[in-house]
Structures are given as structure tokens and as C-alpha cells.
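Read through the structure below, which is laid out as C-alpha cells, and then see the notes.
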Amino acid sequence: MVLDKIKKENDIKSLSKKELMELSKEIRSFLIRSISETGGHLASNLGVVELTMAMHLVFDLPQDKIIWDVGHQSYTHKILTGRKEGFGQLRKYGGLSGFPKRKESMCDAFDTGHSSTSISAGLGYVYGRDLKGEDHFVISVIGDGALTGGMAYEALNNAGRLHTNFIIILNDNEMSISKNVGGISTYLGNLRTNTAYQDFKTNLQKTLRKIPVYGDKIIEHLKKTKSGIKQLVIPGMWFEEMGITYLGPVDGHNLEQMVKILQEAKKIKGAVLVHVFTKKGKGFLPAEQHPSRYHGTEPFDVRTGKLLKQKAKPGYTDIFAKTMCSIAQREERVVAITAAMADGTGLKEFQKKYPSRFIDVGIAEEHAVTFAAGLAASGMIPVVAVYSSFLQRAFDQLIHDVCIQNLHVVFAVDRAGLVGSDGETHQGIFDLSFLSMIPNMTVMAPKNKWELMDMMDFAVSFEGPITLRYPRGEAYEGLEPYRSPICYGKSEWIYDEVEIALVAVGSMVRTAVKVRQNLKEKGFACSLINARFVQPLDEEMLTEVAKDHKLVVTLEENIKTGGFGERVTDFYREIGSDVIVLKIAIPDQYVEHGNVEILKKEQGIDEISIEKKIIASYIGQ
């Protein structure tokens, strides 16, 4: 196999043209086979095989710096830098990350996981290179979906003033996770199909170069002239108007063409954008036909493309999706907003039933939040469905545009807590801290699927900013009899005893039930309270608890600092209570990728670890 010849970075340069053609096939076969066993990002990686090979042929790693936007499409890059053997442990605890990691390889220039960051990071590398007098190339790879993020435009605006080389590769597959939307998608669609300007420019240069003495001077003069012709042939020529040289579009699956255009890009003194069009999922028919489904996939059957493990019970996302459609049927003011995550957040069915009240803003969380604020100010009831880790990107908008005005925006925060395989950049372990610190923001977390439904009803009828956060995966069906009405700021007593009180938030109620059962078997009296609200605190309940409990144990799937446990501790300190508070939370650190149950054990928030901590704390009083 040709792939066996790739042991480290730059080994690809020693291959023949015939071997390179074979290598692309072998890489695709390897990716399909490997990801079918481990799960991972398939469609995006199949789409950039030749693009990645071309970069590795043209540039020298690790001296030259390749920065991947988001980074879930970096699998071929990892293979070509000698990490093929690690794919058996891809996204598993202690194994190979599904994203670029500087600590994993010197060839990973920048850690990524969120969208629209690569041009800014690349620009930083360029300025650093120039200030230090170094001589290497910096290449930022960004998808057309990521160009819907405002940060990318800020970076492009800055890059247009460069006078030294900076290469931006626009990987255009017409997709982010869901189908792209908006003006930039339409603009790039025009560029994909319009080759007239490139043909005209190429033929004109060839003709002028034949003119003795003056040919090259005329070409140089024309390059400096604001030519009206390009405005007519390609509307806007937006990139060039910003001061960025535009090359392309080029077939991203034609290795020879890709190598040639990247060699041209290296010669340009300034920022240059190479527009590459690729097919997401190329080489695996199910992924080509359903790229969204195979964006991030669980293990599957290579022959049929079907998942090996079918989802048995509905997840929290499914419950949210069903509830949204039910609410929208009776409340016409409800509008659903997503940032390019209609599938992931469960809004596909809502989109089908209520297309006029469904808005996909593209990968633009900041815009989504302020847009929702405007909708709320106009009298509508916007529901922003977003992953916890992505909501972090709109922190200023939450404060400035929603909460200062006390606007009724509902935030349905999915993937809250530990999410597993995607690792540090995707763990939803900060939202309780950053949301509950904002005045006017109400923060809730349901204990099971029925409470999620009830909290959605409550949130829509509420007045003011309100968040409900729920985890990834199967919805808890326990504690069905405990379904008391949601009252603002009030918790729910599930078991009322003495001595030890477990006060759990959302997903941790399920864990607390098991912990309490174990403690009861060992002879400990133990109350269990479902917090329901993180902001505001149920101070009445906390005061009552302190009367006949020596130890209050707070449980949350969030970091300690700024979390629920810390706020409870502060409350008891303020009222002068001598009750002991044991805070069960994730340590203040970033959590790497791995199976969620393994991660919970490593972070000390699994039932066995919690039980040991409680007994040690109670006995040690």
C-alpha cells in the first residue's frame, strides 16, 4: 500500500504521480473503514483529501503553518503527518483528538473546534512571522459555511492591508453542517459557476506578454487599475475590492490543478484567497447523498451506511423538538432560531411545519442572539436553540442586547455538561457560571423528559430572558410521578429526610437518585431536592434545609467557579449558617475527549466518587 510509505510529515513529497493518485483512494478507504468503527466526522474529511494532499505537497511542515477552521476536517492532515496508527483510538479517552491539537503534533499550528477563527489566527501568525523576520508560509483553511461568521469578515478586512504573503483557502462545498443559507452562499454560488472572468484574465495576460518590452508593464498597470470589466463579469469581486487577491475557483479534487494554483498563491505579496470547490462526502455514496447525516457519525455499516447502534429511546433534543412544534401550534408568536444547526438542535420538523417562523442565521451566534433581541422587542417570542459551547460566543450580546433590556428571549441550551468525543472545545461545562452571573437572566435545568416539556411551556409564557439547559443523549424517564408545576424560583423536594441533603441540578438529579439509594443502603438518612432553578436561587428552600441537615451536597455538571455550588455556599455564608456545603462539580479545568461515563469518573462526578466524598465529608465533621 502507498499509504504505508507515509510515516511522517513531508513523506508525501517522495511519491510518484501514479502513487499520489493511488494514495487519495487509499486515504478515503482508510477513513471510511476507520470512522465506521470509531465514529467521527466523515463527510467533511472525505471532501478535503486532495486539497490536503496538495497543501502537503506544496508546503513544508512544520515550518509552514496550516490552520484549520473548526478543524473537524483535519483527519487527512493527521494521516499525512504520521498519525495513522492512532485512528483506532480516535476521539476516545487518552487517544487521538478529532481536532487539531498543538500538544499532539508540531504540525498542528493552532487548536480549533469552533468556526470562523482560522483567518484571525493565521493573520496573527503572519504578523508574528514578519516581526521576527522569519520566512515561512501561513495558510488558513476556511469553509464557505464559516464565512457566515462575522469574525471571518473582521479578519478579512484586516488581511486586505497586508504586503506580505498570507494564503487563505476557501473550501467551498456549499455546506456547513446543514445546507448553507444567506447572501454569502448566493455570492459564492455565482463564483462557482462563472468562469468567464478567469478565462478572460488568463487569455488577456497571455496575449499581452507577447508584446516585446512593454507587455509585462501593461499587465502590471492593469493589475493596479480598478477595472470595470471584472465588476461586469463577476458581480462585486468582493474579495479583490477588500485588497485580497482572488484565485479560482478550482476543482478541489484535481490534485494537479490544486498544486499549480497553490504554487501561484505562494508568489503573491499580500493576502490571497484560493477558492476551492469540493464535494462533501466524496467517495462514499451515503455521505455524498446525506452529508449532514454523516457530518458527525456514530459507528456504521460500511456496506449500507446504517448506524450499528440505533437510538432506542428519545433524547432530550427529540423531546425539545416535539415540544417546540406543540407550543408553536397554539402560540403564533413563537419563532425558532438556529445558527446553522437545524439538525443538531432538533428544529428540522419545526422548519417543515412552520417555515415562515424558522430562521437559520448561519454560523453566527452573536447575530442570532441580537436578532432574537430585536424579535422580542417587536413583540415576538424567539427561541434560540444552540449548543452550550457555541452560546459562549455570544456572551456580550446576552448581556448588552438581551438582559439589559430584560427582553423575553428563550434560550434552549443543548449539549449542556459533558458531551464526550469532541473534547475541550465542545464540552458544555461553563454555561451555568456565565449565564447565572447576568442580571435579569433566569436559568433552569430539567431533571427528566417531562420536566423539559413543562419548562419549555413555562419559558414561553415567562416575561424576560430565560434559559433551560439540558444534556446530550437519552432523556431520563425516572421520577415520572414527581411532576409538580413549575413555579418561578422554586425547587422540588423529592425525598424529605434529615442529616444529608442532596441538591442536584438537571442531569445530576439522575445521579443523585443512585447516590441516595447507595447511602440509604449504608444507613444514612438523606434528602433529595431537584434544584430546578440555578438563577434565582431558592433561598427559602436552602434556609429550610439548614434547619435539620448537617451536610448540604450540591451536584452540577458544570465547573465549580461561578457554579450552583459556589452560589449556595455564598448564600449560607451571608446568612451566617454553619451548615457544611460539599460542592460536587467539574474541577476548574478543560476536559478532553472521551466516553462521557469515563469522563465523569475522571472528574469525580460519577455516583461512586460522589458517594465516597459524601461519606468522608459527613464522618469528618
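With sequence neighbours left out, F30 forms a ring-ring contact (aromatic ring centres under 6.0 Å, His included) with F87.
A donor-acceptor pair shorter than 3.5 Å cannot be found between the side chains of E365 and Q392. Counting only N and O atoms by type, the side chains of T338 and D360 include no donor and acceptor under 3.5 Å apart. Side-chain contact annotation: D606 with S609, donor-acceptor N/O pair under 3.5 Å present. Side-chain atoms of D588 and T561 include a donor-acceptor pair closer than 3.5 Å. Donor-acceptor pairing under 3.5 Å is recorded for the side chains of E557 and S507. When only modelled atom types and interatomic distance are considered, D422 and Q427 share no side-chain donor-acceptor pair under 3.5 Å. Between the side chains of N558 and S433, at least one donor-acceptor pair of N or O atoms lies under 3.5 Å.
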Inset, instruction - Go through V553 and I584 one step at a time and tell me if the side chain to side chain contact (heavy atoms under 4.5 Å, CB included) criterion holds. - result: CA-CA 7 Å; V553 184; I584 302 298; 3.7 Å; yes
Inset, instruction - Take F284 and F300, measure what ring-ring contact (aromatic ring centres under 6.0 Å, His included) needs, and give me the verdict at the end. - result: CA-CA 12 Å; F284 186 55; F300 60 90; 5.6 Å; yes
Inset, instruction - Output, in order, the C-alpha distance, side-chain angles, deciding distance and verdict of side chain to side chain contact (heavy atoms under 4.5 Å, CB included) for L452 and Y316. - result: CA-CA 8 Å; L452 174 57; Y316 281 100; 3.8 Å; yes
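Geometrically, R357 engages Y354 in a cation-pi contact, judged by NZ or CZ lying under 6.0 Å from the ring centre and within 45° of the ring axis.
Heavy atoms only, all atoms of each residue included: D401 and L407 are closest at O-CD1, 3.4 Å. Between S388 and G428, the closest heavy-atom pair is OG-CA, 3.3 Å. H408 approaches F462 most closely through the heavy-atom pair CE1-O, 2.8 Å.
Between H593 atom NE2 and K92 atom NZ the span is 11.0 Å, to the nearest 0.5 Å.
Residues H114 and H426 bring their aromatic ring centres within 6.0 Å.
A parallel orientation is assigned to the rings of H72 and H41, their planes being inclined by less than 30° (bins at 30° and 60°). Aromatic ring pairs are classed by plane angle as parallel below 30°, tilted from 30° to 60° and perpendicular above 60°; the pair F458 and Y488 is parallel.
Under 4.0 Å is where a charged nitrogen must lie from a carboxylate oxygen, and between E611 and K514 no such pair does.
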